[in-house]
Amino acid sequence: MQTPSVPFLDVQTLIERSHPRPRRRVALYVLGLAVLGMLLGAYISAEQPAARRVVEGLGVVMLVGLMIGFMTTGMSAVSALKAEAKRIESIEELVQLRRWEQAALELNQLLSVPTRTPGARIQALLYLSSVLGRYHRFRDAMTVQTELLDTVDLDPGTEHSLKLGLAIAMLREDHLVDAGRVMAELKRESSGESGGLTLVELYRDVRTYHAAEAIELFHQKLPQLRRHLGFRIGDAWALLAWAYDAMQLPADARIAWANALLLQPVEELSRRYPELLTLAQKLAGPVYISAPVSADVAPTRAEGGVA
Amino acid sequence: MTPPFASATTAISRVRRDLTIGSLLKWLILGGAGLVILLEPIVQGGFGGTFILMGLGVVWFVLSARSARGTQLAVGASPLIATGQFDAAEVQLNEALQSFSIFRGAKLIGLHHLAVLRHAQRRFTDAAALSRALLTQRLGTLESLSKPTRLILAESLLETDDLRGAYEALSGLYKMRLTLNEAVALLAIQTDYTTRTGAWAEVLSGLESKLQLCELMPSDRAAKTLSCFALALKKTGRPADALLQQRRAELLVAPAELVASRPMFKELWPDASSVPPPSK
């Protein structure tokens, strides 16, 4: 099937075109026609007994044809569904592996035509919002996220992740009030037990130049960040480094930055948080591994470091 | 409310019994319907075959609806386990496994999720028994369950120090085509296994790509895997590289927790006080 041409990652078009087509009731029409055929056959048999054998033969052929037709249609529908699920799975893997270009191409193609199931559309739109964030198209990402939050009944985990993405996009677009509203919602829903939310809060503090609050929050929530963020805790260390630097605590900033770089490449950090670009240039150079290793890796706060 | 299963053995025997009864009943209904269709035209004057067929149809429909409900309950337990609502998942799985189902699917999915739950609760002996029981069943269209079940089995056996059993479970997975998430899980289990057997060269082979996959793991799993790499690097005379991986691991999980989960890591953090890991 030829995919209609769509401007690359045009969000509105993709949202509209990806709606699954309402199911056509072909089977019902076919069954209706079959019943009509049977009635006609019965009428002809009654009127012309000589034609009875022919009508019976045709009836058997029709029944066998119907069975084969339904089986073939069913099987092709199932294989199309499986193919779509496989595509979604491969897009998920591309996003996980940060192969953004390939993921964007696949998503553009998939969402340019109606998906087979609403679930596939939702998943594809979720990945689209991540890809848009990667390309710094935060307005578009917000459009997709808002569309999903407004129109789909999502499970709590997915809704939480989506709102986290929305809050980040809002912060990047300087919609601070809206971001604050979304973060308050997230806080209420997760009872403050979300490493992702803590990371967004840290970023808000960096974005609004509340360095002391960022340092305070980091140290307060470090166990939670460790538990929830995996390697993305590197982001939190990088934001902490920015905060230390802003507080004129260069030694602490250097340690936090070194920790960040142990977990995340500098390019990724600067791409995610443009505020870190200056710090990255300032602290550029080889990363030294501090030894000996202590149980708590957080640098101790210098006196007066926290307001 | 139905009482929860006391042990994995009880759940397994219940599932096995239900599977036997379910398939017996299914074949009885299908056989009965076939017989009616065959005999109705032969028997002089008929014997009300249409009504019998209708009755069998109604029974089939009712049992199918019950089975669908069982499947729904079993599938619904998955998000509960993922979000740590173990008690709610337990109740739901209990109901799914104790309700009668004519189809194997509902029971097998229930058994799989019970294994996932026990694994998440760190009841590894039960998780291993349930996974083993599931893998002995004919999975048919549910073949996709076999890979995650094998992963749970391998990890549970490792946790219960059954290295030989873990090896057997792992070797079955090498022949299968895995998704990225499954490959990541396999890497963590395989690294744990090879570290515990002291196969340092095996632990370090393809280290660069293994480190990339490691970044997709959740904190505890990533930290454990990095610690295994650090230990292998130390053992093979690469202390600087070992220190790098050790530092990365301790940024993710406190060393005391790592040492508590695997005493062999004491070699990396001799001063870390062993405290039990937080309950999940």
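Below, chains carry the letters A, B, ... as their sequence lines are ordered, and counting in each starts from 1. Bear in mind the structure is a predicted one, so any value in this text is a computation, not a measurement.
- Looking at every heavy atom in both residues, B:E250 comes nearest to A:R226 through O-NH2, 2.7 Å.
- At most 12 non-hydrogen atoms from other residues, nucleotides or ligands lie less than 6.0 angstrom from CG of B:D87.
- Across all their heavy atoms, A:I233 and B:L251 have their closest contact at CD1-O, 3.9 Å.
- At a 4.5 Å heavy-atom cutoff, the contact between A:E93 and chain B is made by backbone and side-chain atoms alike.
- At most 12 heavy atoms of other shown residues, nucleotides or ligands fall within 6.0 angstrom of atom CZ in B:F61.
- Note that CG of A:L94 is 9.5 Å distant from CG of B:L180, once rounded to the nearest 0.5 Å.
- In plain terms, the two heavy atoms of B:R247 and A:N259 that are nearest each other are NH2-OD1, 2.7 Å.
- For the pair A:L229 and B:L252, the minimum side-chain heavy-atom distance is 4.5 Å or more.
- At a cut-off of 3.5 Å, with distance as the only test, a side-chain donor of B:N181 or A:Q96 sits close to an acceptor on the other residue.
- Between A:R227 and B:S219, the closest heavy-atom pair is O-OG, 3.6 Å.
- The environment of NZ in B:K147 is crowded: more than 12 heavy-atom neighbours from other residues, nucleotides or ligands sit within 6.0 Å.
- The neighbour count for A:E101 CD, taken as heavy atoms of other residues, nucleotides or ligands under 6.0 Å away, does not exceed 12.
- Of the atoms belonging to B:L226, it is side-chain heavy atoms, and not backbone ones, that fall under 4.5 Å from chain A.
- Around the CZ atom of B:R262, the shell of radius 6.0 Å holds more than 12 heavy atoms that belong to other residues, nucleotides or ligands.
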Hey, mind stepping through B:Q212 and A:R98 against side chain to side chain contact (heavy atoms under 4.5 Å, CB included) and telling me if it holds?
CA-CA 11 Å; B:Q212 280 175 359; A:R98 297 191 204 138; over 6 Å; no
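- Between A:F231 and B:M217 there is no side-chain heavy-atom pair separated by less than 4.5 Å.
- Heavy-atom distances place no part of A:Q264 under 4.5 Å from chain B, backbone and side chain included.
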